[in-house]
Every structure is written in structure tokens, then in C-alpha cells.
Engineer: 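Can you keep this structure in mind? I'll have questions shortly.
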2 protein chains.
Amino acid sequence: MPSKSRIKGHTESADDYLKAILELSGPEDQRVASNALAIHLGIRAASVTGMLQKLSTDKPALVKYQKHHGARLTTAGRKRALEVLRHHRLLERFLHDFLDYGWDEVHEEAERLEHFISEKLEDKIAAKLGDPLLDPHGHVIPERNGAFSARDEVNLLNWACGVPALISSVSDRDASDLRAIERLGLRPGTSVVVEAGVRNASLLVRIGGQNSTIRLGQHLAAQIFVVARTPQASAA
Amino acid sequence: MPSKSRIKGHTESADDYLKAILELSGPEDQRVASNALAIHLGIRAASVTGMLQKLSTDKPALVKYQKHHGARLTTAGRKRALEVLRHHRLLERFLHDFLDYGWDEVHEEAERLEHFISEKLEDKIAAKLGDPLLDPHGHVIPERNGAFSARDEVNLLNWACGVPALISSVSDRDASDLRAIERLGLRPGTSVVVEAGVRNASLLVRIGGQNSTIRLGQHLAAQIFVVARTPQASAA
DNA sequence: GCTCTGTTTTAGGCATGCCTAAATTACTAA
DNA sequence: TTAGTAATTTAGGCATGCCTAAAACAGAGC
Ligand SMILES: [Mn+2]
Ligand SMILES: [Mn+2]
Ligand SMILES: [Mn+2]
Ligand SMILES: [Mn+2]
């Protein structure tokens, strides 16, 4: 018995697979390996195979699946994945803006509720928020019609030294990392420059126009994404 | 696999059984027959038997179950049922007051979400609402600690003619009936008197101190509950 | 007390979605 | 080209929670 509380024919599990494929396939829409999915979802590869077979023989098919060569989303699968992603990010924004959640708390709750809110509630929340474009971590919220333009972000670890950057988003996967990032003042919208120097274990980062710099471990830096800072653009 | 999104060990299905038993056992805490549960839940009696066996052998047991003689809630079962009922009614109040839902729309959404909100979200919602006592249909919201005093309501069909009454609550089970009731102006808090006369197919009801009366079919009247109107008490 | 009828339980099955263990396949490197 | 290894798939199982059909039971009326 799949959870009674499903809105349409989609199960919670299938939704999670679709979201995972969307995330892991990257902007290039690469095929995603069973193993990668298994690790991401915290289940066994054998289980993934079974579900990919099911998803690929659903009508309409949600993934294209080639034995031993991974899966990618079909148009229908991508549509559903973006739908759930929109729910997730709208919920995060709503919990943060209207219900006093910290940005480190919203992910867990949204992860659960994203599967169970109706289109009506989605619309009411979006209206209440004024159709926001970004979630509290700076991630783009897919539009209602399925439009979704992933930004051209670069991981801070791969950003050239000395080039002015703007923090565009931060991973929301780990709550304590989020608190650490916040403590350092590295919210989305913040201007940063990576100072020249060794980049082995940590980066030397200057925030905004400040004189002092901070040391940022690889672990945290890996969760921060930036875009080029043009002279016009400024911190939000 | 039970829905991953369960908050604790409770499944959505078990929660629904517990809520149903709470509702059907009435203020007297009568035992509830398998058949009554099957009808209420829209499933087969055979399935009910299986679940009652499971609920009664859980540790801690959630129902006391005697073969062929129905089930009643244990303390733990009642606690959980009230927990879910609190979620439901808080959600209804929240959707109605903050997200522009009509009182005929809230039930369906709350019925789904009640199983999936965390204790944290429950608390945030309650705080935002100022710890409300009643849901939009006039039903008492159980307290956080499990306290719950069912009011001494009487169905309008059983109310004596000529005795002033106050509408205390209205069934939320059918959305179109709710719209009909609202159209007639019979919200909770409204003063009514059932006029003397034949009570076969419909009641003649006078609202507040108005001169005119309205005809109320049995079907709708059966969904309205009232309490005695003391001279002091007045419409909300 | 006995029978009849409707209720309830048992027995056997099915779909979902996970698991482990045992094949099988694909790729890499000698 | 051919092992060897790692990834992947198959096979078989389990828990949940529903179903139908058939058996067992309880309470009412006689
Ligand atoms: Mn949606
Ligand atoms: Mn986010
Ligand atoms: Mn609760
Ligand atoms: Mn209600």
C-alpha cells in the first residue's frame, strides 16, 4: 500500500528518485549511475535497479533507463521532479519567512512535506510570499509552469583567487554546517574574494570590503557557490 | 515499506485507525466494532481485523482488542489519537486564518498533512495562531499536553423546540454541505431556536433575534451541534 | 436450547519498496 | 586479449496494509 496521502499517482519514493536524478545529472543532463543514486538515497543499489525498471516502464515513463548504463529523466520525469523541487523550496521560504524557522531548520521539514502539499496549498503559499524566486539558501525556485533556469554557479573551491565573487547559494544538506556558515557571515548575496595563497586545507576569504580575512575549511567552502561580481552588482 | 516520512513509529494508517476509534467510541468510550471502523475508513472488515490485531500487540499497545467484541483505545492510543487530532484542527485553523482557505476547503488538506508535521511545526503554528481553542468548524483543539474536554453538545435534530440554543460546531466532512450551511448563516456562535411544529423532513429555525425563519433539511440539521444558550452567552 | 443471520475472523493473495546474496556485465590494465 | 575488479542486475525474502472468499462466531428470535 503506497501512502494514502499521495496527491496523484506519484509515490513518495518515486518522487525522491526523480529529485535525486535531477540533482545528480547536473546541468548537462548526464546519465546517473545506479550506484550514485543508491548512495544519494541511502539505500542499496539492488533496490535502485528495481525502482528504475519500474519508473522506466510506467506510462508515461518517468526515466529513460539502459541496463548497466544509468538513467536520465524523461520530459514527464523532469516535470515531476521540478514540481517537487518547487514544493520544497517554497516550503523552505514559507517556514523561514512566516513561521520563524532558522535557515538550518527548514530543509528537514520541507523534505517531508514536499510530497504532501496540494497544488492549491502550493499556490496559496506562493501568493502569500509574493512568488519568490529564491529559497532561503539562495536556490532558484522552479516556476509553476515548470520553467527552471539553473544559474551558472561555481563552487567556491574552484573560483580563481583575486576575482570578486558574490555568494549565490549554499548547500542546505547539513544543518550544523549552515550554522557555521551563518556565523561567518557568508549568506547568499555576500561579496567575497579568495585571497591568493595555498589552497590545500583551507581558503583565505575576504568578505565584502572588509580589511580582515577569514579562514574557510574545504568542507565548508565546498558547500558555497558563487557567481561573478560585476562592478554594478552588490550585496543584498 | 511504510512511508519514509513518518515522524515516529506511527504509520499513517495506524493513525487513521486511532482517530476513527476515538471518534466512533464517543464520550462514553464505548468499544468500537470492526464493521463500524471498516465503514468509517472505507475499507473491508477483514482488513480492520488484521490492523486491530497489530495495534493491540504493539508495545506499547495502542488498542485493547477482544476478538468479536471490538476495540477501544489504550492510554497510549488515545494520546496518539489526540496528537493527530490536534494537528488536524490546528492545521485547519492555520489554513483558514493565514492562507485564505474557505472553511469548506480546510478539511481535505489537513487530513493529509496531519500525519506529517513535526512537533516543531505544530508548536510554531500554534504560537502563530496564539494557541487557539477551536478550529474553524467550532471543534475543540486538544491541548499540547493531551488535555481534551469534549463539550456537551447536542445534535440540532435532538434539540427541544423553543429552547434557545447556540451553534457550537458543524461537521466538516462534506464541503458542499458546509457551503450550504454557511449560505444559511449558521456559523458556530450563531443563536438559533427551533420553532415548534412537525419535524419530519425539515426543521423551522429562527436565527438570532430575526423575524424570519428558515427551513433546514434533516441532512443539514444532522451536521449541526448546539449547546444551551444562557441569557449571558451571545453570538461570537 | 436451537437456528438463522449478519458480523467477524482466518486463509491466501497482491503491490510497494526495501533487503541480502549470488550472478552477471563492463571496464581497466597487464 | 584476457583476467581481474567494481558496478550492476537477478533471485529470493520480508514488512506493511490492503483485497476476496470461506469459515467461525454471537446474538436475536423462536
Ligand atoms: Mn505542485
Ligand atoms: Mn534550500
Ligand atoms: Mn504533535
Ligand atoms: Mn474541523
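The figures here come from the full heavy-atom set of this structure, side chains too, leaving out hydrogens, waters and symmetry mates. Below, read A as the first sequence line, B as the second, and so on, with proteins coming before strands; counting in each chain starts at 1.
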Engineer: Find the distance A/D15:CG to C/dT16:C1' and express it as a whole number of Å.
Structural biologist: 14 Å
Engineer: Indicate, with a heavy-atom threshold strictly under 4.0 Å, whether A/T49 touches base, sugar-phosphate, or nothing.
Structural biologist: base
Engineer: CG of B/L55 versus C1' of D/dT16: gap in Å, rounded?
Structural biologist: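 Interatomic distance, CG of B/L55 to C1' of D/dT16: 12 Å.
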Engineer: Where the side chain of B/N35 is defined as all heavy atoms beyond and including C-beta, which of D/dT16, C/dT8, C/dG17 is the nearest nucleotide?
Structural biologist: C/dT8
Engineer: Encode nucleotides 19-27 of chain D as B, S and - characters from 5' to 3', where the letter depends on protein heavy atoms closer than 4.0 Å: B to the base, S only to sugar-phosphate, - to neither.
Structural biologist: BBB---SSS
Engineer: Who passes side-chain contact (heavy atoms from CB on, under 4.5 Å) against A/Q218, sequence neighbours left out?
Structural biologist: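 For A/Q218 the side-chain contact (heavy atoms from CB on, under 4.5 Å) partners, ignoring immediate neighbours, are A/L157.
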Engineer: Which whole-number value in Å describes the distance from B/L62 CG to D/dT16 P?
Structural biologist: 13 Å
Engineer: To the nearest angstrom, how far is A/L52 atom CG from C/dC18 atom C1'?
Structural biologist: 14 Å
Engineer: Is there any salt bridge (charged side-chain N to carboxylate O under 4.0 Å, His left out) pair reaching into residues 54-72 of chain A, and which pairs are they, with sequence neighbours excluded?
Structural biologist: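 Passing the test, one end in residues 54-72 of chain A: A/D29-A/R72.
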Engineer: Rounded to whole angstroms, how far apart are OH on B/Y17 and C1' on D/dC18?
Structural biologist: 8 Å
Engineer: Please report the distance, rounded to the nearest Å, between CD in B/Q53 and P in D/dC18.
Structural biologist: 13 Å
Engineer: Could you point out which residue of A/D172, A/D104, A/D174 forms a salt bridge (charged side-chain N to carboxylate O under 4.0 Å, His left out) with A/R179?
Structural biologist: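 Passing option: A/D104.
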Engineer: Between A/Q66 and D/dT8, is there a contact of a side-chain N or O with OP1 or OP2 at under 4.0 Å?
Structural biologist: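 False: A/Q66 side-chain N/O out of range (4.0 Å or more) of D/dT8 OP1/OP2.
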Engineer: In this structure, which one of B/H139, B/E114, B/H115 forms a side-chain hydrogen bond (donor to acceptor under 3.5 Å, both in side chains) with B/H88?
Structural biologist: B/E114
Engineer: On DNA chain C, nearest-nucleotide positions of A/K54 versus B/V48: which is more 5'?
Structural biologist: B/V48
Engineer: Restricting to side-chain contact (heavy atoms from CB on, under 4.5 Å), what partner residues turn up for A/A160, sequence neighbours left out?
Structural biologist: A/V163
Engineer: Does the side chain of B/S13 get closer than 4.0 angstrom to OP1 or OP2 of D/dT16 through an N or O atom?
Structural biologist: no
Engineer: Is the phosphate of D/dT9, meaning OP1 or OP2, less than 4.0 Å from a side-chain N or O of A/Y65?
Structural biologist: yes
Engineer: Tell me the salt bridge (charged side-chain N to carboxylate O under 4.0 Å, His left out) pairs involving residues 34-46 of chain B, sequence neighbours left out?
Structural biologist: none
Engineer: Measure CG/A/D16 against P/C/dT16 and give the value in whole Å, please.
Structural biologist: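 About 17 Å, once rounded to whole Å.
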Engineer: Under the salt bridge (Lys or Arg N to Asp or Glu O under 4.0 Å) rule, collect the residues that match up with A/R78, sequence neighbours excluded.
Structural biologist: none
Engineer: From CG of B/L37 over to P of D/dC18, roughly how many Å is that when rounded to an integer?
Structural biologist: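 Value for this atom pair: 12 Å.
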